[in-house]
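Okay, so here's the structure we're looking at.
For the numbers below, each heavy atom of this structure counts, side chains included, while hydrogens, waters and symmetry mates do not. Quick caveat: nothing in here was measured; it's all calculated off a predicted structure.
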Amino acid sequence: MVELLADGYGHWPGPWVLVFPFFWLLVVVLVVLVLRRAVWRRRGWCGGHAEHAPLAVLGRRYAQGEIDADEYRERRAVLTEAQDTPGVKR
């Protein structure tokens with residue numbers, strides 16, 4: 001097997017010795033990116049600060065009596081419509 005990788009350089013495996021570390025580095029980077037993306041989506045688009053999310057602020061204002069039920073429903077519909085619309089960047 002070593003003779004197949006040597007490519008005439010004697011006992012040195014040649015440039016193939018660099019392929020395997022780069023492959024594993026790529027695998028590790030992809031796993032980290034996928035995990036970060038999954039955690040980011042789970043926390044929401046506000047970076048995990050749920051108390052500053054628009055729906056949380058709206059719910060808090062409704063609970064404190066700053067807005068009435070009709071205004072709450074209207075604003076919530078606008079916020080959830082923007083999240084459910086395909087093609088809208090979040």
Side-chain angles (χ1 to χ4, degrees):
M1 180 73 174
V2 174
E3 291 83 17
L4 292 174
L5 295 175
D7 291 332
Y9 295 115
H11 297 300
W12 177 250
W16 291 103
V17 75
L18 300 175
V19 171
F20 297 109
F22 284 127
F23 170 75
W24 288 112
L25 180 66
L26 180 66
V27 168
V28 169
V29 167
L30 287 175
V31 167
V32 168
L33 289 176
V34 167
L35 289 175
R36 283 185 59 192
R37 178 82 175 177
V39 169
W40 179 69
R41 283 188 173 237
R42 190 177 319 128
R43 286 184 183 169
W45 60 274
C46 284
H49 302 291
E51 67 272 4
H52 299 299
L55 286 175
V57 172
L58 183 62
R60 187 170 48 249
R61 289 185 63 201
Y62 177 63
Q64 292 174 348
E66 294 179 24
I67 57 175
D68 62 351
D70 292 330
E71 186 176 358
Y72 171 76
R73 285 189 207 107
E74 289 173 13
R75 291 182 183 212
R76 182 174 170 83
V78 169
L79 290 172
T80 55
E81 175 184 307
Q83 290 178 356
D84 295 336
T85 305
V88 174
K89 291 185 179 182
R90 293 185 239 169

So how far is it from R60 CZ to Q64 CD, rounded to the nearest 0.5 Å?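 Atom-to-atom, R60:CZ and Q64:CD are 6.5 Å apart.
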Just how far is it from atom CG of D70 to atom CD of E74, taken to the nearest 0.5 Å?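 If we round to the nearest 0.5 Å, D70:CG and E74:CD are 6.5 Å apart.
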How far apart are the closest heavy atoms of Y62 and I67, and which atoms are they?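 Between these two residues, the closest heavy atoms are CD1-O, 3.6 Å.
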Under the rule for side-chain hydrogen bond (donor to acceptor under 3.5 Å, both in side chains), what residues qualify as partners of R61, not counting sequence neighbours?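 Applying side-chain hydrogen bond (donor to acceptor under 3.5 Å, both in side chains) to R61 gives E66.
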How would you list, by chain and number, every residue that makes a side-chain hydrogen bond (donor to acceptor under 3.5 Å, both in side chains) with D68, sequence neighbours excluded?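 Listed in chain order: nothing, the list is empty.
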Are V32 and L25 linked, directly or through intermediate hydrophobic residues, by side-chain heavy-atom contacts shorter than 4.5 Å (ILVMFWY only)?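 No; V32 is not reachable from L25 via cluster members.
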